[in-house]
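Below: one structure, written as structure tokens.
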Amino acid sequence: TKDIRGRTQYFEARGIEYQELILKVREEKYFLDGLKQIDLGAFDAVLTEGTYFPRSVDFIKAANPRLQVLMRGINAEIYHWLHSAEAALRFDTWKRVLFDLKGTLDFGSKDILCARKADYILAIADWETRNYWPTLAPRARVVTLPYFLPDSYLSDIPAKRQKTDRCVC
């Protein structure tokens, strides 16, 4: 949510009109249902949080081919899930290994499809821009857009307080 608030702060500071579609559940069905309630002809671009909605990109492009679709890559999902599976293989159960391998297929396939369909992928880190997304989409369509901490998340640093020894387990 801090990333979303950072973008809304950016839009508001520059007088850019926007409309948010907040999903209660991050599933494509809910995104598609929400998109069908919006006049997509009123917009120049659609920005999605995450690369979870490849069918929705198809819907957007069919409804309004001139719309630019920008998708925020939150993780390099294939590596993310494979690394989790490797850790599970060393330290967890086979059930967890299989869960993570399924995540590799589910989320990795969405990364691949969205990277091919979207106009731009907004990667969170230079490493992803250089090494991950260009294996899935043309390099010219991948842009690094690091996380930005919006003003609403900033607060004054409290005055020096007496520290206590604490351990969280």
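Position 1 is the first residue of the sequence; numbering continues from there. Only a predicted model underlies this, so the values are computations on that prediction, with no experimental measurement involved.
Atom CZ of Arg90 has 12 or fewer neighbouring heavy atoms from other residues, nucleotides or ligands inside a 6.0 Å radius. With a 6.0 Å radius and a threshold of 12 heavy atoms from other residues, nucleotides or ligands, Glu20 has its CD atom above the threshold. For OH of Tyr52, the number of neighbouring non-hydrogen atoms (other residues, nucleotides, ligands) closer than 6.0 Å is greater than 12. Environment of CZ in Arg116: sparse, with no more than 12 heavy atoms of neighbouring residues, nucleotides or ligands closer than 6.0 Å.
Looking at heavy atoms from C-beta onward, Thr48 lies out of side-chain contact with Ser56 at the 4.5 angstrom threshold. Taking 4.5 Å as the limit, every side-chain heavy atom of Leu145 sits out of range of all side-chain heavy atoms of Ile124. In this structure, Arg141 and Asp119 have side chains that are not in contact, with every pair of non-hydrogen atoms separated by 4.5 Å or more. Side chains of Leu23 and Glu49 form no contact here, defined as non-hydrogen atoms less than 4.5 Å apart.
With rounding to the nearest 0.5 angstrom, the SG atom of Cys114 is 14.5 Å from the CZ atom of Arg72. Atoms OG1 and NZ, on Thr51 and Lys110 in that order, are 9.0 Å from each other to the nearest 0.5 Å. In this structure, Arg130 CZ and Thr135 OG1 are separated by 13.5 Å, a value rounded to the nearest 0.5 Å. In this structure, the separation between CH2 on Trp127 and OH on Tyr132 is 8.5 Å, given to the nearest 0.5 Å. With rounding to the nearest 0.5 Å, the separation of CZ in Arg55 from CZ in Phe31 is 12.0 Å.
Here the shortest heavy-atom pairing between Pro54 and Leu113 reads CB-CB, 3.7 Å. Residues Leu40 and Asn64 share a closest heavy-atom pair of O-ND2, 3.2 Å. For the residue pair Arg139 and Pro134, the shortest heavy atom distance occurs at CD-CG, 3.7 Å.
For the pair Arg66 (side chain) and Ala45 (backbone), a donor-acceptor distance under 3.5 Å is absent. Using modelled atom types, no side-chain atom of Arg96 and backbone atom of Asp92 make a donor-acceptor pair closer than 3.5 Å. A donor-acceptor contact shorter than 3.5 Å links the side chain of Thr8 to the backbone of Arg5. Looking at Asn75, its side chain never comes within 3.5 Å of a backbone N or O of His80 through a donor-acceptor pair.
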Review point. Going through the distances and angles, do Asp106 and Trp81 end up as a side-chain contact (heavy atoms from CB on, under 4.5 Å)?
Key: CA-CA 10 Å; Asp106 291 347; Trp81 286 95; over 6 Å; no
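Salt bridge status for Asp100 with Lys95: absent, with no side-chain N to carboxylate O gap under 4.0 Å.
Both Trp133 and Tyr79 sit in one connected hydrophobic cluster of ILVMFWY residues. Membership requires side-chain heavy atoms under 4.5 Å apart, directly or through other members. Under a hydrophobic clustering in which Ile, Leu, Val, Met, Phe, Trp and Tyr are joined whenever their side-chain heavy atoms come within less than 4.5 Å, directly or via other members, Ile112 and Ile74 fall into the same cluster. Clustering ILVMFWY residues whenever any of their side-chain heavy atoms sit less than 4.5 angstrom apart, transitively, puts Leu67 in the very cluster that holds Ile121. Under the 4.5 Å side-chain heavy-atom criterion for Ile, Leu, Val, Met, Phe, Trp and Tyr, Val69 and Leu47 are members of distinct hydrophobic clusters. With hydrophobic clusters built from ILVMFWY side chains whose heavy atoms lie under 4.5 angstrom apart, Phe91 does not share a cluster with Phe99.
Partners of Lys117 according to the side chain to side chain donor-acceptor pair (under 3.5 Å) rule, which considers only residues two or more places apart in sequence or in another chain, are Asp58. Partners of Phe11 under the ring pair (Phe, Tyr, Trp, His ring centres under 6.0 Å) rule, at least two apart in sequence or in another chain, are Tyr18.
In summary, of the residues considered (Val46, Leu122, Val57), a side-chain contact (heavy atoms from CB on, under 4.5 Å) with Met71 occurs for Val57 alone.
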